[in-house]
Amino acid sequence: METQSVLSDLNPAQKEAVTTVEGPLLVFAGAGSGKTRVITHRIAYLLYEIGIPPDNILAVTFTNKAAREMQTRLLRLAPPDREASDRSVFFATYHRFCAWLLRAYGQVVGVQKHFTIFDDADSVHLIRQILKSFNLDSGLYRPAAIAAMIDRAKNDLRSPADLQSQADGPVQKAAAKVFPEYDRRLREMNALDFSDLLVFAVKLLDTSPALLRQMQEKFAYILVDEYQDTNIAQYSLLRKLAAHGNLCVVGDDDQAIYSWRGADIRNILSFEKDFPNARVVKLEENYRSTQGILDIAYQVIRHNRDRADKRLQATRHSGQAPMVYTAADGYDEAAFVARQVRELSSEWAYSDMAVFYRMTAQSRLIEEEFLARAIPYVVVSGVGFYERREVKDLLAYLRVIANPADDAAFTRILNVPKRGIGESTAALLRESARSAGCSQLDILARFDSIDVSPAVKKRLHELHDLLTDLRNSSASLSVEEILRRIVSVTDFFAYLEKTDPAGFDERAANVQELYTVAQEFARRSGGSDQTASVTGFVEELSLLTDADRLDPDADRVSLMTLHAAKGLEFSAVFLIGLEEGSLPHASAFESQSELEEERRLCYVGITRAKDRLFLSHACSRRIYGESRDDIRASRFLEEAGLPEGEPARRVSSDPTGSIRSGGSDRIERMALDEETAAYGVSPGDRIRHPVFGAGVLLRISGRAENATAMVRFDRVGKKRLRLANARLSRLDE
DNA sequence: CCACTGCCGATTTTT
DNA sequence: TCGGCAGTGG
């Protein structure tokens, strides 16, 4: 009976993938072929048919979202009495798994228990400081570029010395020079960046054979999702853990789109070589898309040379043919998308539709058009909740509490809220810490011996007391209570009010939201050791992304980059900007392998569509403020055998004039700054202008008296106006 | 410590 | 075009 539920409804290939339990297994899971099903059913099979204890199973994913989804779906397969035990199957991202391992055993390789995880912004910030201390011009050597190189080296398990010897070109040389210093400072701060989590986990398992053996025994069965995106460090980790050979990897080389992050497609293509007895199963039955959509996808992807041969077969009826729209320009393209969305909305919910593009900036015209027509949408990703200033500030307090050596966090809160400690004092603390070989917080503890004015000394004293008090009280408080305490003792709300009066409501709401997140964390972890729970909370936040908190129930069209689209599906998909230079991106023109990755991006986009697919491109476009009308259609359209149409005429859009837009909501569109409050209007509003009449406010840019509004008027079309001068009034809806 | 200005640069960003 | 920065001046 149980076999029934675990194996029923699986096709033969899926069944083979689920029941081939011993030995290495590579599952090529084409788009829409039931990949997640296979993984979850396989785990269920291991648990309920083979009788493997749940804590012997490790399932590795790339995103928290994927981990969560698998966990939920596994629970649905559980016999009623087994639910509880299923929870001890270890679902984790690589990074979370490594963080777990290092918290428990990291001391062996010099990682302190309460280490902090640096996010990209922290890293870049640190690198900027180092460049400065080396007198390297941060204009010439862009910190983000250096950070990327170092990150890449780590993901390749290359040491600073390796980078040094391979460095070619001035920027790489600079990166090679910064690398060891960057690492040194991280160690000093008891901090690890994202890739360090992997690097040190590998190092730990290398250093301690006993621990490795223990882990191999514990995780006797390992499953890996999205194997095509594995980088060298991750691969190395897997090889060590899965020396027993019970490794099941699931992936699709055609959907490898993260090589620029160090992912190496060869990991999946040479799995059979690396694990000699590997069984290979190909899932080529597609349950998602119509045949017409799959045909186009195949026509595109077959142009890649570096791929395993396979072709998806539709299990669904043929459906409506995909279409290409050749737009006069970007506005026309946006209008086309909006019109179609409106039309399709009689058949599908907005949340069944999505617009994909190559670059984040490409969302803008679509957003404006959707705002103008009151089409509800959500931009997936964008400025994340966890990147918001107020959230990072409060997080920095927690970081200092959990890890007093975290100088980066300390620097962040040193003068936040403003307490009259300026750059010169900050530099002094930095320097003293440097020469004394201790943390800046340690220096603060000895403020008496610091050579500063009495006034500054007093402020340092107060800061020290404040932090000491917080740290002491943290032992007996929940994370939420600690947060509330930080907010109250620093008078945080007053600080928000003062520095950003217009954005106050927004920011205050974010602080509230953070309380809620802390509450939920406490409920989940049911913690005992408080320091551990602060550490745990900070870790959780560091490893979360904004996508983890999007509300899936809201009825909105999703706007996202092609990278963000992987793993999702929609009834109707719009893939816009299919132009040479955009998709494929210009930077890929010179390289065969990069072009192939662009092609895979295109493929990923196409295969997200269940029923309707719209591909569009424009003949003329504004690029970096310059109008260009020599834009050529993407080669991928030609490869797909899709003729471009006659350039469409500019269509003047009919303003719908109705209700407030859907775009703006707390999480995703928080960019409405001071101006919104100052002038009482925000994007999406129906407004009236004394001369031009009624229209829709599309966008606000610039600040203070330079702030300009982009308005689409019903009668006279689009105009830019200075907010300070234009007397815009909001029309009630 | 801030507000202003002028310059540069501009893919993608699972963690 | 536009946003993020470093450098400047009050």
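We name chains A, B, ... by the order of the sequence lines, and we start the count at 1 in each one.
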N/O (side chain, A:N64) to phosphate O (OP1/OP2, B:dT14) under 4.0 Å: no
Residue-phosphate contact under 4.0 Å: A:Y227 side-chain N/O, B:dT14 OP1/OP2: no
Length of the CD-P vector between A:E626 and C:dC2, whole Å: 15 Å
Donor-acceptor pair (no angle test) under 3.5 Å: A:R261 side chain, B:dT15 base: yes
Centroid distance under 5.5 Å and plane angle under 30°, A:Y94 vs B:dT15: no
A:H95/A:W100 aromatic ring centres below 6.0 Å: no
Touch class at under 4.0 angstrom, heavy-atom based, for A:L583 against every strand present: nothing
Rounded distance in Å - NE2 (A:H585) to P (B:dT11): 5 Å
From B:dT11, B:dT12, B:dT15, nucleotide with atom closest to A:E598 side chain: B:dT11
Side chain of A:R358 - closest among B:dT11, B:dT14, C:dT1: B:dT11
Shortest side-chain distance from A:R364, nucleotide among B:dT15, B:dT12, C:dC2: C:dC2
No-H, no-angle donor-acceptor pair, A:T93 side chain to B:dT14 base, under 3.5 Å: no
Under 4.0 angstrom between A:T561 side-chain N/O and B:dT13 OP1 or OP2: yes
Nucleotide nearest A:F194 when distance is taken to its side chain, options B:dT11, B:dT13, B:dT15: B:dT15
Sugar-phosphate only, base, or nothing, as touched by A:R96 at under 4.0 Å among non-hydrogen atoms: nothing
Spacing between A:R142 atom CZ and B:dC8 atom P, to the nearest angstrom: 13 Å
Atom-pair distance (CZ on A:F200; P on B:dT15), nearest Å: 22 Å
A:T116/A:M189 under side-chain contact (heavy atoms from CB on, under 4.5 Å): CA gap, chis, key distance, verdict: CA-CA 8 Å; A:T116 308; A:M189 292 186 247; over 6 Å; no
Side chain of A:K418 (C-beta onward), nearest among B:dT14, B:dC2, B:dT12: B:dC2
Rounded distance (Å) that lies between atom C1' of B:dG9 and atom CD1 of A:I623: 15 Å
Whole angstrom value for the distance that separates C1' of B:dT12 from CD of A:E597: 9 Å
Rounded distance in Å - CG (A:N155) to P (B:dT13): 17 Å
Of the listed nucleotides B:dT13, B:dT15, C:dA6, the one nearest the side chain of A:D120: B:dT15
Nearest-angstrom distance from the residue atom NZ of A:K65 to P of B:dT15: 10 Å
Short side-chain N/O contact to B:dT13 OP1/OP2 from A:T360, under 4.0 Å: yes
Minimum heavy-atom distance between A:R600 and A:Q255, given as atom pair plus value: CD-N, 4.3 Å
Between A:Y495 and A:F492, ring centroids under 6.0 Å: yes
Donor + acceptor pair across side chains of A:E226, A:Q228 (<3.5 Å): yes
Side chain of A:D229 - closest among B:dA10, B:dT14, B:dT11: B:dT14
More than 12 heavy atoms of other groups within 6.0 Å of A:R239 CZ: yes
Sugar-phosphate only, base, or nothing, as touched by A:R128 at under 4.0 Å among non-hydrogen atoms: sugar-phosphate
